[in-house]
Amino acid sequence: MESGKFSENISDLNENVREYIRLRTDLLKLTITEKMSFLGSFFIVSIIFFILFLFILTFFSLAFILWFGHYIGAAFVGALIVAGVYILIAILAYFMRNKLFINPLVTQISKILMEDEDEK
């Protein structure tokens, strides 16, 4: 009688361990899905804001070129000034790329991927 109860307990334990492993696997899948969706939405929002920023910058640049051409008489000089400003900004962005782009991006991605459920 004791061996029947023992084998029954082992069988129940085996089923419980399998159920636990299945539940942990499901939790891992859901956690990965959640983090990837946050990461994807972060990139999509970042790209949308970057494109909007580029449109705004383009229109302000064209407005400056037209304004400068209207008051000075040579629109190409305004275009050269805008191009020079863009070159200076590109040089500064290149030398400060780690501080401006890479470090904040890595920090944000790490925050999304490493955030614990308990912190929420």
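These values consider heavy atoms only, across backbone and side chains, with no hydrogens, waters or symmetry-generated copies.
Considering OG of S110 and CG of L105, their distance stands at 9.0 Å, rounded to 0.5 Å. To the nearest 0.5 Å, atoms CG (L113) and OG1 (T31) are separated by 12.0 Å. Taken from CZ in F38 to CD1 in I109, the straight-line distance is 15.0 Å, to the nearest 0.5 Å. N14 contributes atom CG, which lies 12.5 Å from atom CG of N9 (distance to the nearest 0.5 angstrom). Rounded to the nearest 0.5 angstrom, L23 CG and N16 CG are separated by 10.5 Å. Note that CZ of F50 is 4.0 Å distant from CG of L54, once rounded to the nearest 0.5 Å.
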(request) Verify side chain to side chain contact (heavy atoms under 4.5 Å, CB included) between F68 and V82, making sure each step is shown before the conclusion. (result) CA-CA 10 Å; F68 194 81; V82 169; over 6 Å; no
(request) Dump the intermediate steps for side chain to side chain contact (heavy atoms under 4.5 Å, CB included) on I91 and Y86, then the final yes or no. (result) CA-CA 9 Å; I91 291 170; Y86 285 162; over 6 Å; no
(request) Applying side chain to side chain contact (heavy atoms under 4.5 Å, CB included), run through T33 and S37 and close with a yes or a no. (result) CA-CA 6 Å; T33 302; S37 65; 5.5 Å; no
(message) Working note: V77 + I72, criterion side chain to side chain contact (heavy atoms under 4.5 Å, CB included); need CA distance, chi angles, decisive distance, verdict.
(response) CA-CA 9 Å; V77 176; I72 302 301; 5.7 Å; no
(message) Go through it in stages, so that I can follow the logic: the residues are K5 and E8, the test is salt bridge (Lys or Arg N to Asp or Glu O under 4.0 Å), and I'd like the CA-CA distance, side-chain angles, deciding distance and then a yes or no.
(response) CA-CA 5 Å; K5 193 168 190 166; E8 189 177 300; over 6 Å; no
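Hydrophobic cluster membership is shared by I44 and L52, with clusters built from Ile, Leu, Val, Met, Phe, Trp and Tyr side chains linked at under 4.5 angstrom. Linking Ile, Leu, Val, Met, Phe, Trp and Tyr whenever their side-chain heavy atoms come within less than 4.5 Å leaves L30 and L39 in two separate clusters. No path of Ile, Leu, Val, Met, Phe, Trp and Tyr side chains, each step under 4.5 Å between heavy atoms, connects F55 with F53, placing them in separate hydrophobic clusters. Connection of L100 to L57 is not established within any shared hydrophobic cluster, with ILVMFWY side chains joined at heavy-atom distances below 4.5 Å, either directly or through further cluster members. Residues F43 and F101 do not share a hydrophobic cluster, defined by chaining ILVMFWY side chains whose heavy atoms lie under 4.5 Å apart.
In this pair, F64 and W67 present their aromatic rings tilted. The plane angle is within the 30 to 60° band.
No more than 12 heavy-atom neighbours from other residues, nucleotides or ligands sit within 6.0 angstrom of CZ on F60.
Looking only at side-chain heavy atoms (C-beta outward), R24 and L27 come within less than 4.5 Å of each other. No side-chain heavy atom of P104 sits less than 4.5 Å from a side-chain heavy atom of Q108. The shortest distance between side-chain heavy atoms of Y71 and L66 does not fall below 4.5 Å. In this structure, I112 and E34 have side chains that are not in contact, with every pair of non-hydrogen atoms separated by 4.5 Å or more.
Seen from the ring of Y94, R97 counts as a face-on cation partner, given the 6.0 Å and 45° thresholds.
Here the shortest heavy-atom pairing between K35 and M114 reads NZ-C, 4.3 Å.
A salt bridge links E19 to R22: at least one charged side-chain nitrogen sits closer than 4.0 Å to a carboxylate oxygen.
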